[in-house]
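Whatever order the structure lists ligands and atoms in, that order sets their numbers, starting from 1.
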Amino acid sequence: MVKIIEKTQIAPNIHSCTVIAPDIAIKTLPGQFVILIPDEYCERTPITIADWDADKGTVTFIFLEIGATTQRLAELKIGDEIYSFTGPLGKPFEIDNYGTVGLVGGCYGIGGIYPVAKALKEKGNKVICYSEARAKFLLYWNDKLEEVSDEVRYSTVDGSLGTKGHSFDLLEENLKSGMKPDRIIAVGCTYMIYRVAEVTRPYGVKTIVSMNPVMIDGTGMCGACRLEVGGETKFACVDGPHFDAHKINWDIIQSRRKAYLEEEIISNERY
Ligand code: FES
């Protein structure tokens, strides 16, 4: 069990939560995740680690309140304990001096790109973040992202901040205008990261995306998180969750994402 010491709703249905987890904080690297269970009746849920402090022994994560388990998680208060909290899991992002790196984040992925931007900046890269939401009031951590980036480019679907549209539209515009990034990294919903992959494909820009399939054990044993990359079966939990976006079989991803849709709706209604 881990104790919640900070919890804030940072945008409608999006929460930031900090827990005391020193064993995890001391080992975490950018891009890793935890699998948590809010209480003994909930399912196991993988969540990206957005920030951590090895000295204080704290771990921060951002989550979207979307199904029964994340609703239960959202109900927990400061001082409450999360029933199970396992990590850090997965391989970290490769951090090197690539030159110019574009980081695309939407929804929980805005928190997800923060530690990666910070690590890449410390390595000497020029870091350009793309932060997207449906509207300005749904964006968060703008200050934190700006602190660790050379530039943050905002896009909102309603045009209330930055460019009107999605981050992948803005990225495409930038590529068309001659921007030549050495690497693009995207964290967020499957649709967004897929669109980023398709935007960069014709330009041949190396693109790494953070995959978010259903996971159960998170240690390579159950096979629930399998996906096809470069014609080979991979497990997102142990081989990833970061993969070359241009080698992923996206058709399989789309069909597997919907496998439990009906059960998710029923579970939500019952909850
Ligand atoms: Fe079970 Fe990856 S979650 S193999």
Side-chain angles (χ1 to χ4, degrees), residues 1-2 17 19 21 23-24 27-50 52 59 61-73 82-94 107-109 111-113 115-116 185-194 197 207-268:
M1 285 185 165
V2 295
C17 183
V19 298
D23 293 348
I24 297 177
K27 290 184 181 158
T28 298
L29 292 167
Q32 290 188 293
F33 65 94
V34 291
I35 286 192
L36 60 78
I37 313 176
D39 72 25
E40 62 190 300
Y41 302 106
C42 288
E43 65 191 336
R44 299 165 67 84
T45 306
I47 296 189
T48 305
I49 299 171
W52 60 93
V59 171
F61 58 92
I62 307 286
F63 68 97
L64 176 69
E65 196 182 332
I66 191 166
T69 298
T70 46
Q71 279 183 63
R72 178 69 192 113
L73 185 58
I82 293 176
Y83 177 69
S84 171
F85 198 81
T86 308
L89 296 168
K91 289 185 178 162
F93 272 107
E94 285 170 12
C107 186
Y108 69 87
I113 59 171
V116 194
I185 291 170
V187 186
C189 74
T190 304
Y191 177 70
M192 189 204 80
I193 60 177
Y194 163 71
T207 302
I208 307 294
V209 292
S210 187
M211 300 304 291
N212 51 10
V214 169
M215 289 191 188
I216 300 176
D217 65 292
T219 58
M221 291 192 284
C222 71
C225 66
R226 66 190 179 277
L227 67 166
E228 194 183 292
V229 185
E232 286 177 28
T233 298
K234 299 277 180 190
F235 291 165
C237 65
V238 288
D239 299 318
H242 320 295
F243 296 98
D244 185 328
H246 300 149
K247 293 186 178 163
I248 292 171
N249 184 331
W250 290 98
D251 293 338
I252 294 179
I253 301 289
Q254 294 298 350
S255 61
R256 286 179 58 80
R257 287 292 296 173
K258 294 178 198 146
Y260 298 105
L261 191 60
E262 204 178 319
E263 287 82 358
E264 281 172 16
I265 293 167
I266 292 167
S267 152
N268 222 351

For [X], atoms of ligand 1 separated by under 4.0 Å from a heavy atom:
X      : value
Gly218 : 1 (Fe), 3 (S)
Cys225 : 2 (Fe), 3 (S), 4 (S)
Ile216 : 3 (S)
Gly220 : 4 (S)
Cys237 : 2 (Fe), 3 (S), 4 (S)

For this session: Kindly compute the distance separating CG (Leu73) from CD1 (Ile66), expressed to the nearest 0.5 Å.
Result: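 Separation between the atoms: 13.5 Å.
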
Problem set entry | Residues in side-chain contact (heavy atoms from CB on, under 4.5 Å) contact with Ile265, at least two apart in sequence or another chain |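 With sequence neighbours excluded, Ile265 shows a side-chain contact (heavy atoms from CB on, under 4.5 Å) to Leu261, Glu269, given in chain and number order.
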
Exercise. Do Ile49 and Ile24 pass the side-chain contact (heavy atoms from CB on, under 4.5 Å) test, and can you show the C-alpha distance, the side-chain angles, and the key distance before you say yes or no?
Worked result: CA-CA 10 Å; Ile49 299 171; Ile24 297 177; 4.2 Å; yes

Exercise. Applying a 4.0 Å heavy-atom criterion (strictly less than), which segment of Met221 is in contact with ligand 1: side chain, backbone, both, or neither?
Worked result: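 Looking at Met221 and ligand 1, just backbone atoms fall under 4.0 Å.
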
Problem set entry | Backbone or side-chain N/O/S of Cys222 under 2.8 Å of atom 2 (Fe) of ligand 1 |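 Of the N, O and S atoms in Cys222, none lies under 2.8 Å from atom 2 (Fe) of ligand 1, which means no.
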
Exercise. With atom 1 (Fe) of ligand 1 as the point of reference, which N/O/S atom of Asp217 is the closest?
Worked result: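 Checking each N, O and S atom of Asp217, the shortest distance to atom 1 (Fe) of ligand 1 belongs to OD1.
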
Problem set entry | CA sep, side-chain torsions, deciding dist, call: Ile113, Phe93, side-chain contact (heavy atoms from CB on, under 4.5 Å) | CA-CA 10 Å; Ile113 59 171; Phe93 272 107; over 6 Å; no

Problem set entry | For atom 4 (S) of ligand 1, the protein heavy atom that lies nearest, with its residue and separation |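 For this ligand atom, the closest protein heavy atom is Gly223 N, 3.1 Å.
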
Exercise. After noting the C-alpha distance and the side-chain angles of Arg72 and Tyr41, does the key distance pass the side-chain contact (heavy atoms from CB on, under 4.5 Å) rule?
Worked result: CA-CA 10 Å; Arg72 178 69 192 113; Tyr41 302 106; over 6 Å; no

For this session: Begin from the C-alpha positions of Phe235 and Cys222 and carry the test side-chain contact (heavy atoms from CB on, under 4.5 Å) through to its verdict.
Result: CA-CA 9 Å; Phe235 291 165; Cys222 71; over 6 Å; no

Exercise. So, does Tyr83 use its side chain to make a donor-acceptor pair with the main chain of Met1 at under 3.5 Å?
Worked result: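 Looks like no, no N/O pair under 3.5 Å.
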
